[in-house]
There are 2 protein chains.
Amino acid sequence: MASENLDETDRALIALLQQDAGQAYAALGKAVGLSAGATHDRVRKLRERGVLRRTTVEVDPAALGLGVLAFVMVDSSAWMGDSAEAFAAIPEIEEAHVIAGSASVLVKVRTATTERLQDVLRRLYAVDGVSGTQATVVLETFFERPPSPGV
Amino acid sequence: MASENLDETDRALIALLQQDAGQAYAALGKAVGLSAGATHDRVRKLRERGVLRRTTVEVDPAALGLGVLAFVMVDSSAWMGDSAEAFAAIPEIEEAHVIAGSASVLVKVRTATTERLQDVLRRLYAVDGVSGTQATVVLETFFERPPSPGV
DNA sequence: ACTGAAATCAGATCGGC
DNA sequence: GCCGATCTGATTTCAGT
């Protein structure tokens, strides 16, 4: 793993880029007291070190017609540690995590309707080793945000 | 809510921007068979309609020193519908959702260590109406990705 | 490691199709 | 709604400190 040590300037730049990755290096630099060139250098190094991955856009799920969000506990009768691809093959699944506890995988699912959610559950049962699911439907999302560099 | 109807070109542009929001409009347009100007127009309209929100950077949580991920079911003895700010005030919380089921709020928490996770649980108990928590620690994250425009 | 300027390239606007 | 060109402004590089 790469050597660490993000100083306060790096963390400030990361926070600013999380808020708006499209702003000019001159503006970024002004906010942290650096020139555009120096800011460019630091951001480039953060990318090279893998601290910053891709720059992307946040999409409104509702605008894509995805109004239903649910978390599904997936119980298994076998070792699920190498089933990442099977879950990734279901596009409605946004996240999949192996967890400690009774269930073995926790997945986050977004669909247009509850009928489509049911269809995802059906496809989950088709994954090797899956013995059961417990879906929890989200009624309201308070917020979803990126990891805070300040913690 | 805004009138919808994303055509196939819009969905393709969204997918391309999710992969790399930093690429030139000329390159984007080439991929979908449009000129740079027309591509610029469509993306601008997607922003105006709120389909695309901010452009941001993906950060490696481990690089920020956040090696522990957990999901916490928060039980409550009162209506939690207006407690969004109380959860948002805890920076380690990345997501907070009101859910159907026994617990009332599900939160996603990222911390440096399990000791810091315990500290977050302590702060959760301090939130008005919170009567209990059940933390589930993630052993391995298969993947985390944005909503797919293709669904 | 940062500065300041120079050169290149992409973003943004506009008239016309 | 898309094209092509133009102008503006940012990105990127580099010699100097």
Side-chain angles (χ1 to χ4, degrees), chain A residues 1-65 146 148-151, chain B residues 1-60 62-65 146-151:
Chain A
M1 178 126 294
S3 65
E4 288 314 329
N5 280 5
L6 302 170
D7 63 19
E8 283 312 305
T9 303
D10 287 328
R11 298 189 113 93
L13 286 174
I14 292 169
L16 289 165
L17 286 170
Q18 282 179 330
Q19 287 170 339
D20 178 9
Q23 64 190 297
Y25 287 117
L28 275 174
K30 192 175 175 184
V32 300
L34 249 54
S35 73
T39 306
H40 184 264
D41 260 18
R42 289 184 89 118
V43 173
R44 183 180 49 76
K45 282 171 190 165
L46 287 172
R47 287 190 197 282
E48 283 171 359
R49 287 166 61 185
V51 176
L52 299 180
R53 322 238 240 200
R54 59 185 176 181
T55 90
T56 180
V57 286
E58 278 186 14
V59 180
D60 177 15
L64 294 177
S148 165
V151 181
Chain B
M1 181 126 292
S3 67
E4 285 318 326
N5 280 5
L6 302 171
D7 63 17
E8 283 312 306
T9 304
D10 287 328
R11 298 189 112 92
L13 286 174
I14 292 168
L16 289 165
L17 286 170
Q18 282 179 330
Q19 288 170 337
D20 179 10
Q23 66 191 297
Y25 286 117
L28 275 175
K30 192 175 175 185
V32 298
L34 249 55
S35 75
T39 306
H40 185 265
D41 262 17
R42 290 184 89 118
V43 173
R44 182 179 50 76
K45 282 170 190 166
L46 287 171
R47 287 189 197 283
E48 282 170 0
R49 288 167 59 186
V51 177
L52 299 179
R53 319 235 245 198
R54 58 182 177 182
T55 89
T56 181
V57 286
E58 279 186 13
V59 180
D60 177 15
L64 294 177
S148 164
V151 180

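Residue numbering restarts at 1 for every chain, and letters A, B, ... go by the order of the sequence lines.
The CG atom of Leu34(B) sits 5 Å away from the P atom of dC3(D) (whole-angstrom rounding). One atom, CD of Gln23(B), and another, C1' of dG11(C), lie 14 Å apart when rounded to the nearest Å. One interatomic measurement links the two molecules: CG of Asp20(B) to C1' of dA10(C), which rounds to 14 Å at whole-angstrom precision. One interatomic measurement links the two molecules: NE2 of His40(A) to C1' of dA1(C), which rounds to 16 Å at whole-angstrom precision. Separating the CZ atom of Arg44(B) from the C1' atom of dT13(C) is a distance of 10 Å, rounded to the nearest angstrom. The distance from atom NZ of Lys45(A) to atom P of dT13(D) is 13 Å, rounded to the nearest whole Å. Computed from coordinates, the Leu28(B) CG to dA10(C) C1' distance equals 12 Å when rounded to whole Å. Rounding to whole angstrom units, OH of residue Tyr25(B) and P of dT13(C) are separated by 10 Å.
Minimum atom distance to the side chain of Ala24(A) is reached by dT11(D), of the listed dG1(D), dT11(D), dC2(D). Looking at the side chain of Ala38(A), the nearest of the listed nucleotides dG11(C), dC2(C), dC2(D) is dC2(C).
Annotation: side chain of Leu6(B) is in contact with side chain of Arg11(B) (closest heavy-atom distance under 4.5 Å). The side-chain heavy atoms of Val57(A) and Gln18(B), taken from C-beta on, include a pair separated by under 4.5 Å. Using a 4.5 Å cut-off on side-chain heavy atoms (C-beta onward), Leu13(A) and Val32(A) make contact.
Backbone-only engagement by Arg42(A) is indicated by non-hydrogen atom pairs under 4.0 Å involving sugar-phosphate atoms exclusively.
Of the residues Ile14(A), Leu52(A), Asp10(A), the one that meets the side-chain contact (heavy atoms from CB on, under 4.5 Å) test with Val43(A) is Leu52(A).
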